[in-house]
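A short worksheet on the structure shown next.
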There are 2 protein chains.
Amino acid sequence: MSQDKTIHDFAACPAPAQHSDPELDRLVQEIIGRIADKWTMLALDVLAEQGRMRFTTLGKHIEGISQKMLTKTLRQMEADGLVVRTVFPVVPPRVEYELTPIGQSLGAAFCGVWLWAEQHREAILASRAAFAQRAPET
Amino acid sequence: MSQDKTIHDFAACPAPAQHSDPELDRLVQEIIGRIADKWTMLALDVLAEQGRMRFTTLGKHIEGISQKMLTKTLRQMEADGLVVRTVFPVVPPRVEYELTPIGQSLGAAFCGVWLWAEQHREAILASRAAFAQRAPET
DNA sequence: CTGGATCCTTTTCGATACTG
DNA sequence: CAGTATCGAAAAGGATCCAG
């Protein structure tokens with residue numbers, strides 16, 4: 001692995017000063033609450049790597065997702081402008097999904113969190129084990 | 001606004017090639033699923049900005065959180081090694097919470113997503129409005 | 001003050017059956 | 001193939017009471 005460099009190479013957030021508008025805060029949190037969804041991130045990941053893909057194929061690439069959740073997730077992503085939905089008016093319906101530029105930029109932004117999870121997974125597991133050791137008393 | 005530069009200045013993720021271990025993938029996703037929680041991120045945000053803080057004070061800084069969720073969230077963050085919990089053996093119990101280095105690095109990693117949400121919030125709102133316009137038929 | 005335990009409501013999600 | 005509609009199980013979450 002050639003990722004010795006940490007992920008906070010880019011200093012940009014250390015400016016929490018302008019947190020003056022509570023309503024804007026709520027909006028940002030609402031947005032994050034939506035995109036931070038399990039299925040949304042997996043769909044984002046698959047589409048970012050595989051590119052345009054049709055409904056069923058996409059579902060096969062997301063382990064464990066139900067048809068209902070796939071539909072719901074894609075609808076939400078489409079509404080938020082993360083993906084574009086293309087319907088081909090052919091006999092057996094053919095619908096393809098593809099990331100928009102905004103969707104791609106989100107994938108890039110989430111990259112930092114993804115790397116963080118990979119880099120600290122061992123520490124997290126160790127922490128959980130240690131925590132379970134000194135808390136198992138009921 | 002002087003944030004003309006996009007957030008994917010750092011190219012690091014475009015290397016999804018080593019996605020060979022499905023079990024590691026599941027673990028990473030499970031970790032992200034936990035930290036991507038609404039309350040976890042808000043607590044992370046408050047602790048990152050305000051530093052060490054005690055239970056009740058922390059709760060007042062997180063709008064709308066219940067005591068139950070605050071306790072649960074902090075327990076989980078503690079188990080994952082994101083915060084340290086310090087108990088002062090005094091008459092009225094005094095418990096303080098503080099981010100660990102790992103917790104701080106997570107805050108830095110999530111920064112990218114936060115910036116993304118702020119930068120694209122208008123586009124997202126516009127997209128939602130447009131979507132609501134062409135889908136309102138029941 | 002901190003937080004565990006309980007009850008109850010809301011939401012989420014999977015399975016299934018059915019259309020164009 | 002690509003959904004929609006519906007039902008029931010399960011989980012999340014809030015309110016409240018109580019204890020150290």
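Quantities reported herein were computed from a predicted structural model and do not represent experimental measurements. Sequence lines set the chain letters: A, B, ... in the order given, protein chains first and strands last, and positions in each chain run from 1.
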Exercise. Other hydrophobic cluster members with B:Val90, side-chain heavy atoms of Ile/Leu/Val/Met/Phe/Trp/Tyr under 4.5 Å, chained?
Worked result: B:Phe88

For this session: Please name all residues satisfying salt bridge (Lys or Arg N to Asp or Glu O under 4.0 Å) with A:Glu78, sequence neighbours left out, ordered by chain then number.
Result: B:Arg134

For this session: Give me the residues of residues 75-85 of chain A where at least one heavy atom lies under 4.0 Å from an atom of DNA chain D, by number, or none.
Result: A:Arg75, A:Arg85

Problem set entry | Partners meeting side-chain contact (heavy atoms from CB on, under 4.5 Å) with A:Gln76 (sequence neighbours left out) | A:Arg34, A:Thr40, A:Asp80

Exercise. Should the pair B:Tyr97 and B:Phe55 be assigned to parallel (<30°), tilted (30 to 60°) or perpendicular (>60°) ring geometry?
Worked result: tilted

Exercise. Is A:Arg128 salt-bridged to B:Glu30, cutoff N-O under 4.0 Å?
Worked result: yes

Exercise. Are A:Arg54 and D:dA2 close enough that a side-chain N or O sits under 4.0 Å from OP1 or OP2?
Worked result: yes

Exercise. How far does the helix from C:dC1-D:dG20 to C:dG20-D:dC1 bend, going by the axes of its first and last five pairs, to the nearest 10°?
Worked result: 40°

Seminar exercise, completed: Of C:dT2, D:dG3, D:dA2, the nucleotide closest to the side chain of B:Val95 is C:dT2

Seminar exercise, completed: Applied to residues 87-114 of chain A, the salt bridge (Lys or Arg N to Asp or Glu O under 4.0 Å) test, sequence neighbours excluded, yields A:Arg52-A:Glu96, A:Arg52-A:Glu98, A:Arg94-A:Glu96

Exercise. In the hydrophobic cluster built from side-chain contacts under 4.5 Å, what are the other members alongside B:Val91?
Worked result: none

Problem set entry | Phosphate OP1/OP2 of D:dG3: any A:Tyr97 side-chain N/O under 4.0 Å | yes

Exercise. Reckon A:Phe88 touches a base, only the sugar-phosphate, or nothing at all at heavy-atom distances under 4.0 Å?
Worked result: nothing

Problem set entry | For A:Arg26, all residues meeting salt bridge (Lys or Arg N to Asp or Glu O under 4.0 Å), sequence neighbours excluded | none

Exercise. For A:Leu74 and D:dA2, what is the distance between atoms CG and P respectively, to the nearest whole Å?
Worked result: 11 Å

Problem set entry | Under 4.0 Å protein heavy-atom contacts per nucleotide of nucleotides 7-20 of chain C, with B for base, S for backbone only and - for none | ------BBB----B

For this session: Apply side-chain contact (heavy atoms from CB on, under 4.5 Å) to A:Ser127 and list each qualifying residue two or more places apart in sequence or on a separate chain.
Result: none

Problem set entry | Under the side-chain contact (heavy atoms from CB on, under 4.5 Å) test, residues paired with A:Ala48 that sit two or more places apart | A:Leu99

Donor-acceptor list for residues 68-75 of chain A side chains, cut-off 3.5 Å, not counting sequence neighbours:
residue, atom, partner, partner atom, Å
A:Thr71, OG1, A:Gln67, O, 3.0
A:Thr71, OG1, A:Gln67, NE2, 3.2
A:Thr73, OG1, A:Met69, O, 2.6

Exercise. NZ of A:Lys38 versus C1' of D:dA11: gap in Å, rounded?
Worked result: 13 Å

